[in-house]
Amino acid sequence: MTDAFPAGTVPNRQNGQVHLLASRTGNGEILVLSLDAEGNVAGPALRLPSHEFPGYVLGQERDRPRWVWEDTARIYPLLLAAGIRVHRAHDLRLCHAILRQSSLTQASALARAEPSRWDRAVAFEPAASASGVTLFDLFDSDGDSAAGSDTETAADGVTGRDAGSAAAGFGTQAEYRRQLDAVRASAEPGRLRLLLAAESAGALIAAEMQFAGLPWRTDVHDALLTRELGPRVAPGIRPERLENLARRIRDAVGEPGLNPDSQPDLMRALQKVGLKVTSTRAWELKELTHPVIDPLLEYKKLARLLSANGWYWMDTWIVDGRFHPEYIPGGVVTGRWATRGGGALQLPKQVRGAVVADAGWKLVVADAAQLEPRILAALSADTAMAQAGRGTDLYAGIVAGGVVETRDHAKVAMLGAMYGATSGESGRLLPRLAKAFPRALALTETAARAGERGESVTTRLGRSSPRPGERWLATQAKAYDPGATDADERRARSQARDWGRFTRNFIVQGSAAEWALCWMAEVRRELRMLPQGAQGSQWAQGASGSEFDRAPHLVFFLHDEVMVHTPAALADTVEEIIRRAADTAGRHLFGDFPVDFLLTVATVDSYAQAK
DNA sequence: TCTGCATGCAGC
DNA sequence: ACGCTGCATGCAGA
């Protein structure tokens, strides 16, 4: 393995510059160096004995300790850079956010307390890219908190010097105790424990995936761009094929000076040749017939490719043959992950051909088929809907059951049920779905009504939707005022329905996100139990590269899809693990309820070959 | 020149 | 009047 970035370095998110270097020395110490933007050592080296890690061990679970720490996103990248992987963790920041909001723990001290430093968002400050940050900064000071009363730090827990006095404070151990209490006293401690474990495991996975990166062949990418756009040109210059298309567009509308990148100019030009358009969106243009349409649609497609995933993108985001997006667990209200950097959530199918396994390795790509409908079936215990998806494509099963005529209709209707469609084809098909699957549809309707009333809804494992804000409440209140106008009432109704569609979707999307977290956590756990992964030590082997260079590991995750980079010889084993993990996740969430979570799994050399 | 907003489009 | 996103771009206003 030569094209992963060198073990022990953390590339800057923006430009690949190294700001921090940490490595494990021969005698078991962790050595942390801060480097400036030019790569010069910026301060004295910090040495830490390897047993003095932040967080503390709670005792043995299975044979692995669970580290309890404040914020995986700030800590774990540093450990990974030092060649250290952690098996289990409890992320206090992420878990606090869940418990603070969950309707299952509203009576807890944690939920009722005044806002503390645990409520202040620190999620979006990746330590690894901050210049000059070291482990020492993170654990020996209280750098992220301005509160003077926060005298206890995480370091108290490290050495076992923890004081009983911490219980009343806002330190790590006190917070952990509050979280345990909140869970224990809740109506669903089992579900919450699973959610917190899954969320925390997700945080570990997120850091590991960012560290490992997605294998990316810049030569393949470049060839693809050249084929589509023409040879590479300097930034600001239109590549050949785009320039040709621009010329054809100008000719077709008779405006030699037209800039096809300007929406207003384009609108005016289209109107002038008699096309009645209300926007310049591709789907609207597709309905029209005019010589300008074909070249314009082609232009838009290619211009998008160039600006979103062109050479500039490649130079910015691909470091040593790997794409390292930052994953942000819990970054979406529903519990889905967000990402930052390089648009990892929108990796177009167009460029997936550049995602290629290393020589001798394979990519195992798996996605959960019709995940959200299956989740809905299980959530509502709708056995008929679960039956429709048993061992088969769920939409096909709905057709087979005579509910609708085509797979496309089944899909549109289901999405409409989960998103709250009221009109169009989807709206028309809904009654038939409601007749066939009354329990499932009742659940989505109930969630929508709750949202319209301003109430929160809760996912399978206990993540609750936020309550609407002041502005929302004020708008609703105004509609009940004696002097309310029709416009006031309309606005209030419309806003209430908006929130209802949000809560309707929240419960399904959020529960699906929980399933996906459990799935991925199981995949990770089993991958790490493979002989090849466990062989030797759990530590990186110095210059020979990290564990990520030798053993199968997760490299990508997208809502209902995971990708594992694996030595070719282990691909079959990895497939089995991924399938087994899906079943396990289903049982974790829904026990014995008979619902299948089918996967599409492909072992490929290139991401483009998957589905 | 900088910033916030609207548009458009990529993903699930 | 169909949910959740991230990001590039152009444009208007500061």
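Residue numbers start from 1 in every chain, and the chains themselves are labelled A, B, ... in the order their sequence lines are given, proteins ahead of strands.
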To the side chain of [X], which of [options] is closest?
{"X": "D560(A)", "options": "dC12(B), dG3(C), dC9(B)", "answer": "dC12(B)"}
{"X": "T339(A)", "options": "dG3(C), dG6(C), dG8(B)", "answer": "dG6(C)"}
{"X": "S307(A)", "options": "dT5(C), dC12(B), dT9(C)", "answer": "dT9(C)"}
{"X": "K349(A)", "options": "dG11(B), dG3(C), dG8(B)", "answer": "dG11(B)"}
{"X": "T334(A)", "options": "dG8(B), dA10(B), dC4(C)", "answer": "dC4(C)"}
{"X": "Q346(A)", "options": "dG10(C), dG6(C), dG3(C)", "answer": "dG6(C)"}
{"X": "V332(A)", "options": "dC2(C), dC4(C), dG8(B)", "answer": "dC4(C)"}
{"X": "S262(A)", "options": "dG10(C), dC4(C), dG8(B)", "answer": "dG10(C)"}

Applying a 4.0 Å non-hydrogen cut-off, can you work out what [X] is touching in the nucleic acid: base, sugar-phosphate, or nothing?
{"X": "A338(A)", "value": "sugar-phosphate"}
{"X": "R352(A)", "value": "sugar-phosphate"}
{"X": "V508(A)", "value": "nothing"}
{"X": "G342(A)", "value": "sugar-phosphate"}
{"X": "A344(A)", "value": "nothing"}
{"X": "D367(A)", "value": "nothing"}

Take the protein atom [atom1] of [X] and the nucleotide atom [atom2] of [N], then report the distance between them rounded to whole Å.
{"X": "L558(A)", "N": "dT5(C)", "atom1": "CG", "atom2": "P", "result": "14 Å"}
{"X": "W313(A)", "N": "dG11(B)", "atom1": "CH2", "atom2": "P", "result": "14 Å"}
{"X": "Y312(A)", "N": "dA8(C)", "atom1": "OH", "atom2": "P", "result": "8 Å"}
{"X": "K300(A)", "N": "dG10(C)", "atom1": "NZ", "atom2": "C1'", "result": "12 Å"}
{"X": "R340(A)", "N": "dA8(C)", "atom1": "CZ", "atom2": "P", "result": "13 Å"}
{"X": "D265(A)", "N": "dT9(C)", "atom1": "CG", "atom2": "C1'", "result": "13 Å"}
{"X": "R281(A)", "N": "dA10(B)", "atom1": "CZ", "atom2": "C1'", "result": "15 Å"}
{"X": "N259(A)", "N": "dT9(C)", "atom1": "CG", "atom2": "C1'", "result": "11 Å"}

[Y]/[X] salt bridge by N-O under 4.0 Å criterion:
{"X": "R504(A)", "Y": "E445(A)", "result": "yes"}
{"X": "R428(A)", "Y": "E425(A)", "result": "no"}
{"X": "D408(A)", "Y": "K411(A)", "result": "no"}
{"X": "E255(A)", "Y": "R268(A)", "result": "no"}

Tell whether [X] reaches the base of [N] with its side chain through a donor-acceptor pair below 3.5 angstrom.
{"X": "Q263(A)", "N": "dG10(C)", "value": "no"}
{"X": "R336(A)", "N": "dC12(B)", "value": "yes"}
{"X": "S494(A)", "N": "dA1(C)", "value": "yes"}
{"X": "R304(A)", "N": "dC9(B)", "value": "yes"}

Distance flag, aromatic centroids of W519(A) and F557(A), threshold under 6.0 Å: no
Any R501(A) side-chain nitrogen or oxygen under 4.0 Å from OP1 or OP2 of dG3(C): yes
dC2(C) phosphate, OP1 or OP2, under 4.0 Å from T422(A) side-chain N/O: yes
Minimum side-chain heavy-atom gap H588(A)-T584(A) below 4.5 Å: yes
Minimal non-hydrogen separation, P373(A) against Y395(A), with atom names: CG-OH, 3.6 Å
